[in-house]
Colleague: 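Here you go, one structure.
Residues take their numbers from the sequence shown, with the count starting at 1.
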Amino acid sequence: MDYNLLNELNESQRAAVEYCDGAQLVIAGAGSGKTRVLTYKIAYLIGEKGLKPWNILALTFTNKAAKEMKQRIETIVGSQARYINMGTFHSIFSHILRAEANHIGFNSNFTIYDQTDSRSLVKTIIKEMNLDEKVYKPSAVADRISMAKNHLMTALQYANSNNAVTTDMQRRMPAIKDIYLRYSNRCRQANAMDFDDLLMNIYLLFANNEEIRRKYAERFEYVLVDEYQDTNFAQQAIVNQITKERQMVCVVGDDAQSIYSFRGANIDNILGFQKTYNNARLFKLERNYRSTQAIVNAANSLIRHNQRQIPKNVFSENEQGEKIKLKMAYSDKEEAMIVCSEISRLRRSDCCPYSDFAILYRTNSQSRSFEEYMRKQNIPYRIYGGLSFYQRKEIKDIIAYYRVVANPDDEEAIKRIINYPTRGIGNTTLSKIVEKATEKGISIWKVLNNSEACGLDFSKATHTKLRNFCTMLEGWMQRSFNEDAYSLGRDIIQESGMSKDIFAGKEPEDIARQENVEEFLSGLSDFVEDRKEEDMGDHVSLTDFLQEVSLMTDLDSDGDSDEPKVVLMTIHAAKGLEFKTVFVVGLEENIFPSPMCSDSMRGLEEERRLLYVAITRAEKHCFLTCAQNRFRYGRMEFDTPSRFIRDIDPRFLQIEGEKSSLPRIQPRIQPRSTPQPSQPPFSTVSLSSSPLNPAPQSSPAPSSSSDSPLQPGDRIEHTRFGVGEVIKMEGSGENCKATVVFRNSGTKQLLLKFARYNKL
């Protein structure tokens, strides 16, 4: 290897590359050149240490990372790089399992089940066992089996585990042990393995066949592992099986960026590496090449509050840069306006494309307010790694119900909801209804209302189901003439059975759906309040809302274009990426940190690491935002800024907004104080305080012109629009209106009898 290439490395990087005498832990701070070190180290092993490429094992978490590294190595050492055993844990171990399949009772041509295949088999077994699929959701059961395998627990061990069985009984799913046994047997009968089997079976192969384990331990003379902080129990155990004699292993990662515990990642693997390998050397890559000094310093001051970590002092030699800015908004609506205003300002001042900007949030449901406002401002955006808010299934289902109530002849909407939630009107029945409607040249709705008169040969039970469906819809149609969109829309979600279905699960994907529904209702309530305040009529109907939201429900016509777009994504999805400007939004208690993680020190420290990851995605500008008020669970709620904001050294933080100081922040660890998303919102026990049927508001009545007169020149503080100045007054009594120019929200005309404001 050309030593001039090593001169391209800084001192810490070079030391990590050149050490090849034993176990090695490389802690790579954000933006410190981790990939470069791995690449050069492998090239160094081949070019200087004389290792054959096929005696090197490099394990990554994505095929893309493996491909890119191999290409870089090839530019240094030539075509022999293609013989390096480099790839994901699953791809590398699947090759070994095929070669040794007979030792574990499989044929070498075994099939690999993906997640869809796995869940389909679980679903089949649940049906065969006559279990309630609403209790034993295939996704939840499959996740439970996956968790067991990632802890190297076979089906038989699981069935004999008191802890596992007790936990399942507490979750009211005692039959999981039997499902797991059947699932395991069926996979073996089908000569198939799922992704988790690729790890568990390689471990069992090595554990039960010492000769085979030694063969691969001797073949892989040097082992490297990327993103070691993301490894789970099984992955760490397998690496140890291969390396325990030679201890020629180099793991690279950053404990400060360990944020995937919900996927099974175990931070103890990287924190305890030096105990697993007694003579392991520690190397630290502390120079950040990505961010300004101000951003790095702010991130360092935040993460120092974690107790369980490997100490390091990340630094930057880039320009000093501006401080991180905290922008405090009055509401989620104003928060979106502030972010969009900053994007427009920076595009003008820095002459940069929209793709330089990223909006990062804790949960997917938070994208709604930003999507809506960016649409209004014609700011192009894309959701990274997910669907736009109004394209998510649960939201499209709700809107389909609203569309039918507003227009019962809407064929596509009826077809979407007629059997959701399940009410025994299957595809065969629906097909006959559609055929009859086509034959008679009338709408599906008219056929549904007259199924017997139309000559449909259904059983009496089917005709009854159709009549009940129509009666339910007709009741909402009658109410739509008098009730506002929020009141009726909330009841439709409840009375249709959607709420019961959506709020029944407790798995992460169930909670995400629940958060989306809650956010949708918050947006609906916000819409109604806005219309009333801006004097667009006392009765705000579902039709009014559908007209507004129709712009949001269509996919972007230029969705596949190469036009630069602002990126919206969760912080989890942002790891490994970087942007010139980053907005970390929703920094409030009960959002960030997540209430599901803030009741334990371990969970709270991972939430702090998550914010650290978010901040260190920024190269030049980093903004934090929080809102004083948010519509949540159908009412305006006061929010406290996140405790993490106080963890950032004030020297590196600039607070902007009408209030330039932080209110008192709640204790370090606190129990959840808001309704849990997984709580069934319409149970008889919690009906009065459920997310979709909130308790009566305790906030004071809106101000009116009679007791709080306003004059041009007065300044007001509005719960959603923020601070503004009155420029015009007109009308009197209940018809009194104020025209107000708000700092971030533009000019609004408010009907004072509905307006929520304080005079400053």
Side-chain angles (χ1 to χ4, degrees), residues 327 329 331-348 353-361 363-396 398-400 402-403 485-486 489 515-531 533-534 536 540 542-570 579 581 583 585-586 623 625 627 630-631 720-722 742 744-748:
K327 290 186 171 284
S331 67
D332 49 349
K333 180 185 287 289
E334 191 189 31
E335 179 185 44
M337 295 173 180
I338 288 171
V339 169
C340 291
S341 175
E342 281 297 324
I343 290 173
S344 297
R345 181 185 69 82
L346 286 170
R347 281 193 74 237
R348 292 191 300 269
Y354 281 117
S355 54
D356 277 357
F357 299 90
I359 300 173
L360 309 183
Y361 33 75
T363 63
N364 270 309
S365 63
Q366 292 172 255
S367 72
R368 179 192 62 83
S369 58
F370 297 97
E371 290 189 62
E372 290 183 0
Y373 195 71
M374 284 194 284
R375 294 254 186 168
K376 292 176 182 177
Q377 297 298 308
N378 293 317
I379 295 176
Y381 71 89
R382 67 186 179 97
I383 304 292
Y384 182 93
L387 294 172
S388 175
F389 184 83
Y390 288 96
Q391 291 299 319
R392 295 164 195 170
K393 179 186 181 302
E394 55 277 8
I395 304 304
K396 294 183 78 171
I398 293 170
I399 290 173
Y402 292 2
R403 283 166 54 186
Y486 173 74
E515 290 171 340
N516 286 335
V517 172
E518 289 165 355
E519 180 64 25
F520 174 83
L521 279 170
S522 296
L524 178 53
S525 179
D526 198 11
F527 173 79
V528 172
E529 292 295 321
D530 273 1
R531 286 298 182 100
E533 278 195 331
E534 297 183 34
M536 297 185 181
V540 184
L542 271 183
T543 301
D544 295 327
F545 177 69
L546 288 171
Q547 181 174 328
E548 176 79 7
V549 86
S550 62
L551 298 174
M552 309 295 174
T553 55
D554 289 331
L555 285 171
D556 289 337
S557 58
D558 62 344
D560 295 327
S561 75
D562 293 328
E563 176 190 8
K565 296 179 176 69
V566 177
V567 177
L568 279 70
M569 70 177 90
T570 64
F579 302 89
T581 301
F583 296 88
V585 300
F623 296 86
T625 67
R630 281 185 193 271
F631 264 101
R720 279 173 294 167
F721 302 133
F742 290 99
N744 294 304
S745 307
T747 302
K748 304 285 183 182

Colleague: Is any side-chain heavy atom of Phe721 closer than 4.5 Å to one of Asp530?
Modeller: yes
Colleague: Residues two or more places apart in sequence or in another chain: which of them pass side-chain contact (heavy atoms from CB on, under 4.5 Å) with Asp356?
Modeller: Cys352, Pro353, Lys580
Colleague: For the side chain of Gln377 and the backbone of Cys340, is there at least one donor-acceptor N/O pair under 3.5 Å apart?
Modeller: no
Colleague: Quick one: NZ on Lys327 to CD1 on Ile338, what's the gap to the nearest 0.5 Å?
Modeller: 6.5 Å
Colleague: Glu519 and Ser522: side-chain donor and acceptor closer than 3.5 Å?
Modeller: no
Colleague: Report yes if the side chains of Leu568 and Met374 come closer than 4.5 Å at any heavy-atom pair, otherwise no.
Modeller: yes
Colleague: Below 4.5 Å, heavy atoms only, C-beta onward: do Tyr373 and Ile379 meet side chain to side chain?
Modeller: no
Colleague: Name the one of Glu334, Glu335, Glu342 that satisfies side chain to side chain contact (heavy atoms under 4.5 Å, CB included) with Thr625?
Modeller: Glu335
Colleague: I'd like to know if Glu372 and Arg375 make a salt bridge, using a cut-off of under 4.0 Å between side-chain N and carboxylate O.
Modeller: no
Colleague: What are the two closest non-hydrogen atoms of Ala627 and Ser331, and how far apart are they?
Modeller: CB-C, 3.5 Å
Colleague: Looking at Phe520, is Arg368 sitting on its ring face, NZ or CZ under 6.0 Å from the six-membered ring centre and within 45 degrees of the normal?
Modeller: no
Colleague: For a side-chain hydrogen bond (donor to acceptor under 3.5 Å, both in side chains) with Tyr354, tell me which candidate from Arg347, Glu563, Lys565 qualifies.
Modeller: Arg347
Colleague: Can you list everything that forms a side-chain contact (heavy atoms from CB on, under 4.5 Å) with Ser369? Sequence neighbours excluded, please.
Modeller: Ala336
Colleague: Not counting sequence neighbours, which residues clear ring pair (Phe, Tyr, Trp, His ring centres under 6.0 Å) with Tyr361? List them please.
Modeller: none
Colleague: How many angstroms lie between atom CZ of Phe357 and atom OG of Ser344, to the nearest 0.5 angstrom?
Modeller: 8.5 Å
Colleague: Can you give me the closest heavy-atom contact between Ile399 and Tyr390, atom names plus distance?
Modeller: CD1-CD2, 3.8 Å
Colleague: Tell me whether Arg392 contacts the main-chain N or O of Asn364 through its side chain, where contact means a donor paired with an acceptor under 3.5 Å.
Modeller: yes
Colleague: To the nearest 0.5 Å, tell me how far Thr543 OG1 sits from Arg403 CZ.
Modeller: 12.5 Å
Colleague: Measuring from atom CZ of Arg345 to atom CD1 of Ile343, what distance do you get when rounded to the nearest 0.5 angstrom?
Modeller: 11.5 Å
Colleague: I'd like to know if the side chain of Gln366 reaches the main chain of Thr363, judged simply by a donor and an acceptor atom lying under 3.5 Å from each other, with no hydrogens or angles considered.
Modeller: yes
Colleague: Find the distance between CG (Asp526) and OH (Tyr486) and round it off to the nearest 0.5 Å.
Modeller: 11.5 Å
Colleague: Between Tyr402 and Phe545, what is the ring plane arrangement, given parallel below 30°, perpendicular above 60°, and tilted in between?
Modeller: perpendicular
Colleague: Roughly how far apart are Ile383 CD1 and Met569 CE, rounded to 0.5 Å?
Modeller: 9.5 Å
Colleague: Work out which heavy atom in Leu524 is nearest to a heavy atom in Ala485; give both atom names and the distance.
Modeller: CD2-O, 3.6 Å
Colleague: State, with a plain yes or no, whether a side-chain heavy atom of Ile395 is found less than 4.5 Å away from one of Phe389.
Modeller: yes
Colleague: Less than 4.0 Å between a side-chain N and a carboxylate O, is that true for Glu548 and Lys376?
Modeller: yes
